[in-house]
Amino acid sequence: MPLKLYNSLTRQKEVFEPINAPYVGMYVCGPTVSGESHLGHARPFITFDVLYRYLVHQGYKVRYVRNITDAGHFEEEGKQAEDKIATKAILEKLEPMELVQKYTHLYHWAMEQFNNLPPSIEPTATGHIVEQIEMIKKIIADGFAYEANGSVYFDVIKYNDVYSKKNQPYGILSGRNIEDQLETTRELDNQDEKKNKVDFALWKKAPAEHIMRWQSPWGEGFPGWHIECSAMATKYLGKQFDIHGGGMDLQFPHHECEIAQSTVCNHEMPARYWVHNNMITINGRKMGKSYNNVVKLSELFDGSHPILTQAYSPMTVRFFILQSQYRGTLDFSNEALQASEKALKRLMEAYEWLKAQSFTNNTSATDAALDKQLVTWVNELGEFMDDDLNTAKVVANLFEIAPLINSLKDKHIAADAISGASWSFAQKQLILFIENILGLKVVDGANQVQLHGVIQLLIEIRSDAKSRKDFATSDKIRNQLMDMGIQIKDEKDGEVSYSLA
RNA sequence: GGUCGGGUGGCCGAGUGGCUAGGCAGAGCUCUGCAAAAGCUCCCACAGCGGUUCGAAUCCGCUCUCGACCUCCA
């Protein structure tokens with residue numbers, strides 16, 4: 001079955017066919033590194049990481065470009081601080097690039113924590129000022145942009161007039177029509193510079209206090225908010241590429257403007273498949289700076305946010321996100337994360353046990369129905385991924401399989417109930433889906449060898465105590481280990497195992 | 001105001017005409033010195049009101065209600 005993706009442009013699921021297989025070009029809008037990443041930022045990067053992994057698994061040679069927006073209104077951080085001294089301190093102590101560097105590091109650290117694969121290319125906006133200026137020059141030359149008082153604006157009305165005739169009006173992606181926008185767009189600064197209020201900036205003249213500024217044919221200034229993605233996508237992926245991804249909130253105006261700019265420059269719709277992830281909400285409301293309801297990733301990982309009762313590992317957060325399909329909103333709460341944490345633990349323990357087994361292919365199934373059921377569940381993993389990355393259903397099936405694994409382990413089912421070949425198949429596929437595609441990894445603590453030895457020793461002492469019916473001692477060991485997050489499990493066969501919380 | 005998308009059991013969350021979603025929490029049972037873990041069973045939900053249909057959470061209409069975008073935003 002082929003992979004189907006929901007294309008925002010056509011508003012339907014479409015079979016994914018690359019322009020030039022086996023090569024696939026994918027561009028995903030990265031973060032603005034003017035502040036620390038929050039939970040909301042995690043969703044697109046995890047979603048598109050899974051898409052990237054899945055495309056690679058399918059044999060495509062993927063060039064995954066994810067930018068870093070490090071140009072723009074970076075004086076905002078200073079402005080937010082009301083205390084003038086604090087503002088000054090920030091301004092004096094942090095160079096803009098220092099700020100950018102700091103948050104870029106934090107962002108990279110978070111991506112690594114989430115086990116997101118690094119993109120093939122991670123271009124920065126400030127590193128591509130030249131390309132952006134060239135693009136703007138081209139748009140002006142073609143008559144779709146104009147200079148006004150040191151700034152350059154894109155002529156949306158003209159674009160719409162011309163490209164409506166080519167079935168690509170402005171608003172094609174977001175489903176807006178220009179008349180509505182003319183009525184509803186709010187008044188902004190420098191409105192008088194624009195021919196029309198729907199026009200957007202390609203280049204902005206830098207006011208005296210603006211720190212980040214570059215020389216351009218139109219004077220000192222900085223690039224507009226939309227041109228960087230167009231310039232970098234074109235440079236690294238060509239005039240038309242396969243997938244353009246990002247959060248739903250970028251659909252308009254950001255992606256709409258990208259389409260307009262790139263189409264004028266390159267005479268082609270920049271991307272064929274536009275994929276948008278939905279928002280993470282908190283109490284039903286989008287998580288965002290303006291709502292003052294963000295939970296930063298660092299707060300999540302150390303449990304310091306007031307609404308959290310504990311810290312959550314990056315893998316728990318990843319799993320939480322994968323338990324839903326990317327196009328739906330996902331409502332965040334401490335309770336929901338707790339559920340994910342427990343579920344992930346149960347899943348991974350079953351998985352790790354299965355992974356460590358070796359199966360021989362020569363045993364046949366004594367329970368044919370069960371054998372068939374297992375194979376079906378395993379086969380469905382790929383089908384669900386193909387259906388617009390339905391990781392929620394993939395995870396659901398993993399939880400159908402997990403009890404079967406535990407039943408084999410605890411001998412609730414016969415060792416030969418399911419054939420060795422089927423178990424072997426399941427083992428291989430679970431490694432593929434859990435680790436390589438969903439990107440879930442087993443969290444290893446430090447000093448595993450020594451810790452393991454110490455725990456084994458305690459287990460032995462406890463067993464001796466138990467055999468003497470000295471339950472006071474055995475319970476003391478078990479309970480105190482439990483308090484430290486080490487759980488002792490007396491298995492059916494008399495063996496004792498443990499797991500780390 | 002305009003455009004668009006939702007309302008699923010205590011919580012999170014799949015599901016576009018008939019077949020168990022899944023997880024967490026809760027209840028019972030098995031196992032166990034007692035627990036825990038694990039397994040099994042139960043908890044039969046689809047905002048409301050109409051309509052279409054043999055049959056609707058799923059299609060249509062209306063009502064209520066929540067949200068997103070329209071300004072930077074993942």
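A note on names: the letters A, B, ... follow the listed sequences, proteins ahead of strands, and every chain is numbered from 1.
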Taking the [atom1] atom in each of [N] and [M], what is the distance between them to the nearest angstrom?
| N | M | atom1 | value |
| --- | --- | --- | --- |
| U8(B) | C66(B) | C1' | 15 Å |
| G9(B) | U52(B) | C1' | 28 Å |
| C11(B) | G26(B) | P | 15 Å |

Are the aromatic ring centres of F45(A) and F114(A) under 6.0 angstrom apart? no
Are the aromatic rings of H108(A) and H105(A) close, with centres under 6.0 Å apart? no
Taking 4.0 Å as the cut-off, does a side-chain nitrogen or oxygen of [X] come that near to OP1 or OP2 on [N]?
| X | N | answer |
| --- | --- | --- |
| N278(A) | A74(B) | no |
| S340(A) | C12(B) | no |
| Y291(A) | A74(B) | no |
| R176(A) | G2(B) | no |
| N277(A) | A74(B) | no |
| H41(A) | A74(B) | yes |

So what does [X] touch, heavy atoms closer than 4.0 Å: a base, only the sugar-phosphate, or nothing?
| X | answer |
| --- | --- |
| I413(A) | nothing |
| K286(A) | base |
| M248(A) | nothing |
| H276(A) | nothing |

Residues touching RNA chain B, which here means a heavy atom under 4.0 Å, drawn from residues 379-387 of chain A: none
Side-chain heavy atoms of W203(A) within contact of Q132(A), under 4.5 Å: no
With a 4.5 Å cut-off on side-chain heavy atoms, are I172(A) and E256(A) touching? yes
Treating primed atoms plus P, OP1 and OP2 as sugar-phosphate and everything else as base, which nucleotides of nucleotides 31-37 of chain B get B, S or - for protein heavy atoms under 4.0 Å? S-BBBBB
Nearest to the side chain of [X], which nucleotide is it out of [options]?
| X | options | value |
| --- | --- | --- |
| R285(A) | G23(B), A38(B), A68(B) | A68(B) |
| K393(A) | A14(B), C69(B), A74(B) | A14(B) |
| A339(A) | G67(B), C73(B), G23(B) | G23(B) |
| E335(A) | C11(B), G23(B), G39(B) | C11(B) |

With a 3.5 Å cut-off and no angle check, do the side chains of T69(A) and N67(A) form a donor-acceptor pair? yes
Name each donor-acceptor pair under 3.5 Å that joins a side chain in residues 385-409 of chain A to protein atoms two or more places apart or in another chain, with its distance.
| residue | atom | partner | partner atom | Å |
| --- | --- | --- | --- | --- |
| D386(A) | OD1 | Y54(A) | OH | 2.8 |
| D386(A) | OD1 | Q58(A) | NE2 | 3.4 |
| D387(A) | OD1 | K13(A) | NZ | 2.8 |
| D388(A) | OD1 | Y6(A) | N | 3.0 |
| D388(A) | OD1 | Y326(A) | OH | 2.6 |
| D388(A) | OD2 | Q325(A) | NE2 | 3.2 |
| D388(A) | OD2 | Y326(A) | OH | 3.4 |
| D388(A) | OD2 | R327(A) | NE | 2.8 |
| D388(A) | OD2 | R327(A) | NH2 | 3.2 |
| N390(A) | OD1 | A392(A) | N | 3.4 |
| N390(A) | OD1 | K393(A) | N | 3.1 |
| T391(A) | OG1 | L322(A) | O | 2.8 |
| T391(A) | OG1 | S324(A) | O | 3.1 |
| N397(A) | ND2 | W377(A) | O | 2.9 |
| N397(A) | ND2 | E380(A) | OE1 | 2.8 |
| S407(A) | OG | P403(A) | O | 2.8 |

Quick one: the side chain of K289(A) and the base of C72(B), do they pair up donor-acceptor inside 3.5 Å? no
